[in-house]
Amino acid sequence: YLSDIIELSAQRVALEAQTAEHVDDYGYVLIQRSRRAAKIPHRVKLLSTEEVIAVAKRRHAILTGEGVPQCTRFEGFCARCAFKQECKLF
């Protein structure tokens, strides 16, 4: 659920910029192990403003061809990835 943490962190940065108010550095992600299992809220530490900016810059560099994507540390992600066929790193 790292992508959820990144999204929540970006929303926190945007809210702080828009309102000039402090927003807590934690959030909650709902985890569901199976379709029938209950959703469980999991408290997560959000990325700092600097980390959010670094992620945005890295994304931009990859999309413009200035950066090179890296393989995930989590092997299961590759098995379920929609871009597996086009991936030059796999």
Side-chain angles (χ1 to χ4, degrees):
Y1 49 77
L2 180 57
S3 61
D4 295 321
I5 294 172
I6 293 169
E7 182 179 348
L8 287 171
S9 300
Q11 291 173 356
R12 180 187 58 79
V13 170
L15 270 172
E16 286 183 338
Q18 192 74 17
T19 65
E21 297 283 330
H22 171 75
V23 178
D24 283 329
D25 63 350
Y26 67 90
Y28 290 89
V29 175
L30 289 177
I31 305 298
Q32 188 173 18
R33 300 279 181 212
S34 68
R35 290 181 189 207
R36 289 187 252 194
K39 293 179 182 176
I40 301 168
H42 186 76
R43 184 176 164 149
V44 294
K45 184 175 182 344
L46 301 179
L47 303 176
S48 68
T49 300
E50 293 78 17
E51 289 170 315
V52 171
I53 292 169
V55 167
K57 286 181 178 179
R58 173 102 175 108
R59 179 183 181 277
H60 177 74
I62 290 169
L63 292 176
T64 60
E66 298 169 17
V68 179
Q70 298 174 341
C71 290
T72 180
R73 296 176 294 190
F74 307 103
E75 292 178 21
F77 285 178
C78 289
R80 296 185 313 264
C81 182
F83 301 102
K84 185 175 174 180
Q85 297 299 322
E86 298 98 27
C87 184
K88 296 178 178 106
L89 303 173
F90 183 69

Within a reach of under 6.0 Å around CD of Q18, are more than 12 heavy atoms found that belong to other residues, nucleotides or ligands? no
Under 3.5 Å, which donor-acceptor pairs do the side chains of residues 23-31 form with other protein atoms, sequence neighbours left out?
none

E51 vs V55 side-chain heavy atoms within contact, under 4.5 Å: no
Does R35 have any side chain to side chain contact (heavy atoms under 4.5 Å, CB included) partners at least two apart in sequence or in another chain, and if so, which? none
At what distance, to the nearest 0.5 angstrom, does NE2 of H60 lie from CG of L63? 8.0 Å
For the residue pair I6 and V52, establish whether any side-chain heavy-atom pair is separated by less than 4.5 Å. no
Working to the nearest 0.5 Å, report the span between OG of S3 and CG of L8. 9.5 Å
What one should report as the nearest heavy-atom pair of L46 and R12 is CD1-CD, 3.8 Å
For the student: nearest non-hydrogen atoms of T49 and E16, plus distance: OG1-OE1, 4.2 Å
Do other residues, nucleotides or ligands put more than 12 heavy atoms under 6.0 Å from the CZ atom of R59? no
